[in-house]
Number of protein chains: 2
Amino acid sequence: MPASKTALDPARLTAAVERLFSVLRHGNPPNDISLTAASTLRRLEREGPRRLTELAAAEGVTQPAMTQLAQRLERDGLAERTTDATDGRVVLVRVTQAGRDLLARRRAVRAEHLTALLRDLTPEDEALIAAALPALERLAP
Amino acid sequence: MPASKTALDPARLTAAVERLFSVLRHGNPPNDISLTAASTLRRLEREGPRRLTELAAAEGVTQPAMTQLAQRLERDGLAERTTDATDGRVVLVRVTQAGRDLLARRRAVRAEHLTALLRDLTPEDEALIAAALPALERLAP
DNA sequence: TATTGTTATACTCTATAACTATA
DNA sequence: TATAGTTATAGAGTATAACAATA
């Protein structure tokens, strides 16, 4: 049974993703950090210490924006900035334990919120989403 | 065959939605309006003219924030503000044709971007996502 | 001279507190 | 007095342009 006619409407999927994101976002803890801040911390946790330029490119922001974000993260104790021993120009950013703790707390809150949403769904709907999850992950790796 | 064990990991779904949203967002047209601005315009298009207080509550921002957003939208020609005839305190906001045009353009760009992403997916993956789409819509109505 | 990062400046977007106008 | 909205002020977050330090 070839899936030649999938009838997946991009506009509909886009709208669903946006609404889902919005719902998840409103379930955030108060005084939550920004999207870019969270994404940068996650990246540092996942990939280890990284350079400013590298982070700016990866997060799709300018170098000055990343400079300031790193300064805020450092001020809030979520990340540290060190200089590279072999190249005096380079600034390395790394996540602190407090940063890791914040990410863990954030994940727990969001998971709880999503779990509450899932309770209103039928087991069939939940199974369909579970089945599509790997495909969604491949769509945005 | 009851779906009692769906094994849907909330953290994984949250992460997938966030990454997907981020990817979709980076495919936005340059000088794109903000999340709240877009959401507010969509609401006005969908529900018709609304009051400031109502919009602020619906979008999850404060009244002053919505006042300023409405002023920016008006300045940019995307919305209009009128006073209610029966209650002099009330400000009604409505989307303009330029606002509708912008929403349509935005949808087209995003759909194109998503379509490009979908080209890298197998038909099976696309079918799985298509099958889960109604469930995702029910998850965040 | 090229690369890495910072500083200067300006704008959007948001919040809280204080205010004005209408009911 | 209560409600609807605005203004004042402060801070996060972003961009571009100009700058400093290192290679």
Side-chain angles (χ1 to χ4, degrees), chain A residues 21-22 25-26 28-44 49-94 99 102 106, chain B residues 21-22 25-26 28-44 49-94 99 102 106:
Chain A
F21 177 82
S22 177
R25 197 185 195 197
H26 279 130
N28 276 358
N31 299 323
D32 192 39
I33 59 179
S34 75
L35 270 186
T36 310
S39 176
T40 302
L41 277 186
R42 280 197 302 268
R43 183 178 305 276
L44 291 173
R50 283 291 178 273
R51 296 170 30 174
L52 265 180
T53 311
E54 210 176 342
L55 289 173
E59 297 298 335
V61 300
T62 60
Q63 208 172 57
M66 188 50 72
T67 288
Q68 291 188 43
L69 172 55
Q71 287 170 347
R72 284 192 300 270
L73 290 175
E74 188 171 43
R75 183 203 55 194
D76 296 342
L78 303 175
E80 290 169 343
R81 288 147 33 96
T82 57
T83 48
D84 190 305
T86 67
D87 187 337
R89 298 170 301 180
V90 169
V91 171
L92 283 175
V93 187
R94 88 180 61 193
L102 182 140
R106 205 167 175 274
Chain B
F21 177 83
S22 177
R25 197 185 194 197
H26 279 130
N28 274 0
N31 299 323
D32 192 38
I33 58 180
S34 76
L35 270 187
T36 311
S39 176
T40 303
L41 278 186
R42 281 197 301 267
R43 184 178 304 277
L44 292 173
R50 282 292 178 274
R51 294 170 31 174
L52 265 179
T53 310
E54 211 176 341
L55 289 174
E59 298 297 336
V61 299
T62 60
Q63 207 172 58
M66 188 51 71
T67 289
Q68 293 188 39
L69 172 54
Q71 287 170 346
R72 284 192 299 269
L73 290 176
E74 189 171 43
R75 184 203 55 193
D76 297 341
L78 303 175
E80 289 168 343
R81 288 147 34 97
T82 57
T83 48
D84 190 304
T86 67
D87 188 336
R89 298 170 300 180
V90 169
V91 171
L92 284 175
V93 186
R94 88 180 60 193
L102 182 139
R106 206 166 174 275

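Naming convention: chains lettered A, B, ... in sequence-line order (proteins, then strands); numbering from 1 in each chain.
For A:Gln63, the side chain to side chain donor-acceptor pair (under 3.5 Å) criterion is met by A:Thr53, not counting sequence neighbours. For A:Arg50, the salt bridge (Lys or Arg N to Asp or Glu O under 4.0 Å) partners two or more places apart in sequence, or in a different chain, are A:Glu47, A:Glu54. Residues passing the side chain to side chain contact (heavy atoms under 4.5 Å, CB included) test with B:Ala38 are B:Ile33, B:Arg42, B:Arg106, sequence neighbours excluded. Listed by chain and residue number, B:Val61, B:Thr62 satisfy the side chain to side chain contact (heavy atoms under 4.5 Å, CB included) test with B:Ala65 (two or more places apart in sequence, or in another chain).
Separating the CG atom in A:Leu35 from the CG atom in B:Leu35 is a distance of 7.5 Å, to the nearest 0.5 Å. Rounded to the nearest 0.5 angstrom, B:Ser39 OG and B:Leu55 CG are separated by 9.5 Å. Taken to the nearest 0.5 Å, the OG1 atom of A:Thr40 stands 5.0 Å off from the CG atom of A:Leu69.
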Just the table, please: protein N/O against nucleotides 19-22 of chain C N/O, every pair under 3.5 Å.
unit_1 : atom_1 : unit_2  : atom_2 : d
C:dT22 : O3'    : B:Gly88 : N      : 3.4

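Within the structure, every pair that satisfies the salt bridge (charged side-chain N to carboxylate O under 4.0 Å, His left out) test and touches residues 59-71 of chain A, not counting sequence neighbours, is listed here: A:Arg43-A:Glu59. Screening residues 61-73 of chain A for salt bridge (charged side-chain N to carboxylate O under 4.0 Å, His left out), with sequence neighbours left out, gives no hits.
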Donor-acceptor pairs under 3.5 Å, side chain of residues 74-92 of chain B to any protein atom, not counting sequence neighbours: which ones?
unit_1  : atom_1 : unit_2  : atom_2 : d
B:Glu74 : OE1    : B:Arg81 : NE     : 3.0
B:Glu74 : OE2    : B:Arg81 : N      : 3.3
B:Asp84 : OD1    : B:Thr86 : N      : 2.7
B:Asp84 : OD1    : B:Thr86 : OG1    : 2.7
B:Asp84 : OD1    : B:Asp87 : N      : 3.4
B:Asp87 : OD1    : B:Arg89 : N      : 3.0
B:Asp87 : OD1    : B:Arg89 : NE     : 3.1
B:Asp87 : OD2    : B:Arg89 : NH2    : 3.0

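Toward the 5' end of DNA chain D, the nearer of the two residues B:Val91 and A:Leu35, judged by each one's closest nucleotide, is B:Val91.
Look at CG on A:Leu55: it is 13 Å from C1' on C:dG5, rounded to the nearest Å. One atom, CZ of A:Arg81, and another, C1' of C:dG5, lie 9 Å apart when rounded to the nearest Å. At whole-Å resolution of the value, CG in A:Leu52 and P in C:dT7 are 12 Å apart.
Contacts with DNA chain C (heavy atom under 4.0 Å) in residues 60-70 of chain A: A:Gln63, A:Pro64, A:Thr67, listed by number. Taken residue by residue, residues 72-79 of chain A places heavy atoms nearer than 4.0 Å to DNA chain D at A:Arg72, A:Arg75.
Nearest heavy-atom pair, B:Leu44 versus B:Val93, reported as atom, atom and distance to 0.1 Å: CD2-O, 3.4 Å.
Contacts of B:Glu59 with the nucleic acid, taken as non-hydrogen atoms under 4.0 Å apart, are absent.
The phosphate of C:dT4 (OP1 or OP2) has no side-chain N or O of A:Thr53 nearer than 4.0 angstrom. Contact annotation: B:Thr36 side-chain N/O to C:dT14 OP1/OP2 distance is under 4.0 Å.
The span of DNA chain D lying next to chain A, judged by atoms under 4.0 Å from heavy atoms, is bounded 5' to 3' by D:dA12 to D:dA23.
In DNA chain D, stems built from 3 or more consecutive Watson-Crick or G-U wobble pairs, each with both distances under 3.5 Å, span C:1-23 with D:1-23.
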